[in-house]
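Taking it in order: structure first as structure tokens, then the write-up.
Every value quoted in this text rests on a predicted model; they were computed, and no experiment measured them.
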Amino acid sequence: MRTRRSVRPARALAGVLLAAALATGGCSAAGGDSAGSEADDKAAAPAQEAATDGGAKQGAPGGSAADGAEAATPPKVTADHIIRTASLTVRVKDVSEALDEARATTENAGGYVGNETTRRDAEGREHTRVVLRVPVEKYADVLAGLEGAGKLVERRAKAEDVTDQVVDVESRIASQRASVARVRELMDRASRLSDVVTLEGELSTRQAELESLLARQESLKDRTSLATITLSLSGTPAEKATRDDDDPGFVDALTGGWDVFLTLLRWLALAIGAVLPFAAVAALLALLWLKAVRPLLSRRPRTVPPAPPAGERGTAGD
């Protein structure tokens, strides 16, 4: 019984020593493998980080998850961003004068005049269409002033809230700038030519996207800071005179006769003017005949027939 009890502790101690030896060998092998691949991991780290960054950027609409965490929180928008547009059609007596007043009103409000188109219709009335850009603070005052320039025919106004778009664009710009900075840092750490070429392509793509976002932000800023008013001015049609009595009177007959007399004199003057060149030529020819040709004909000597012989004269006398 004592012998069996002493064998069991010896076997347990041998098992513990064997397990410790195996654990020590596994740790040594793992350490060797990690040390052998450390150089390759460092060499491929920039390209892998750029690829990982690009994949995460494609998965998130506003940029990569890492860039979103590193990027600063976009500033909060305190005021609403609203795009205001209006369209006015006003009938005025003098289109040119009304257009000058609209220009002066816009410039005094701190705005400017955009596109302008002027035409005339078949009845001779002038029509002008002009685009005005005014600050949103003076939008209501300018609109009221333009409406009072004449008779308002049509008015359309629209307000579009783009605050969400402004916030989204600002957030994406912040993320994109952080992404561009991260790629540049990876380029500074890259040592292989292939990694540098890959990172340069990625940097070019991200810079192009950043410029596109900046252009969109500038467009939103312009459209929200300046309201757009499209003003259409048309001339007042001439009023036709109407008579209370359609029957002609003495004054109407006298006026009609005078018009006929003037028309007759006009036609007579036209007839005289048409005949006058021919009469002048005929008078010139007659004068030439009397002053030059006829005197020459009168001065020419006349031919006298010869006298008969004497014998013939006596015979003729007998």
Is any side-chain heavy atom of [Y] closer than 4.5 Å to one of [X]?
{"X": "R119", "Y": "T117", "value": "no"}
{"X": "Q165", "Y": "L220", "value": "yes"}
{"X": "L226", "Y": "P135", "value": "yes"}
{"X": "T128", "Y": "E116", "value": "yes"}
{"X": "W267", "Y": "T263", "value": "yes"}
{"X": "T105", "Y": "L132", "value": "no"}
{"X": "V130", "Y": "V113", "value": "yes"}

Is there a path of hydrophobic side-chain contacts, each under 4.5 Å between heavy atoms, that joins [X] and [Y]?
{"X": "V196", "Y": "L199", "result": "no"}
{"X": "V90", "Y": "V134", "result": "yes"}
{"X": "L152", "Y": "V142", "result": "yes"}

Run L214 and E218 through side chain to side chain contact (heavy atoms under 4.5 Å, CB included) and show every step you take. CA-CA 6 Å; L214 291 174; E218 189 66 23; over 6 Å; no
Using the rule given for side chain to side chain contact (heavy atoms under 4.5 Å, CB included), can you reason through D94 versus E101, listing the C-alpha separation, both sets of side-chain angles and the distance that settles it, and then say yes or no? CA-CA 11 Å; D94 191 345; E101 293 179 357; over 6 Å; no
For D259, I'd like to know if atom CG has over 12 heavy atoms of other residues, nucleotides or ligands within 6.0 Å. yes
If you count the non-hydrogen atoms of other residues, nucleotides and ligands that lie under 6.0 Å from CZ in R133, is the total more than 12? yes
Taking K138 first and then D141, would you say they form a salt bridge - that is, a charged N and a carboxylate O separated by under 4.0 Å? no
Whether E202 and R206 form a salt bridge (side-chain N of Lys/Arg under 4.0 Å from carboxylate O of Asp/Glu) is what I want to check. yes
Look up atom [atom1] in [X] and atom [atom2] in [Y], then write down how far apart they are to the nearest 0.5 Å.
{"X": "T163", "Y": "I82", "atom1": "OG1", "atom2": "CD1", "value": "6.5 Å"}
{"X": "R156", "Y": "T85", "atom1": "CZ", "atom2": "OG1", "value": "11.0 Å"}
{"X": "L203", "Y": "L186", "atom1": "CG", "atom2": "CG", "value": "10.5 Å"}
{"X": "L231", "Y": "R103", "atom1": "CG", "atom2": "CZ", "value": "11.0 Å"}
{"X": "K158", "Y": "R84", "atom1": "NZ", "atom2": "CZ", "value": "13.0 Å"}
{"X": "E200", "Y": "M187", "atom1": "CD", "atom2": "CE", "value": "4.5 Å"}

Are R172 and V169 close enough, and set up right, to give a side chain to side chain contact (heavy atoms under 4.5 Å, CB included), and what steps lead you there? CA-CA 5 Å; R172 295 176 63 182; V169 170; 5.8 Å; no
What is the minimum heavy-atom distance between [X] and [Y], and which atoms define it?
{"X": "L99", "Y": "L233", "answer": "N-CD1, 3.7 Å"}
{"X": "V95", "Y": "E126", "answer": "CG2-O, 3.5 Å"}
{"X": "V92", "Y": "A149", "answer": "CG1-O, 3.6 Å"}
{"X": "A190", "Y": "D195", "answer": "CB-CB, 4.1 Å"}

Please check this pair: side chain of [X] against backbone of [Y], looking for a donor-acceptor N/O pair closer than 3.5 Å.
{"X": "S232", "Y": "R129", "result": "no"}
{"X": "S219", "Y": "A215", "result": "no"}
{"X": "T106", "Y": "A102", "result": "yes"}
{"X": "N108", "Y": "A104", "result": "yes"}
{"X": "S212", "Y": "A208", "result": "no"}

Only residue of E209, Q207, E211 satisfying side chain to side chain donor-acceptor pair (under 3.5 Å) with Q176 is E209
CA sep, side-chain torsions, deciding dist, call: T224, V136, side chain to side chain contact (heavy atoms under 4.5 Å, CB included): CA-CA 8 Å; T224 54; V136 292; over 6 Å; no
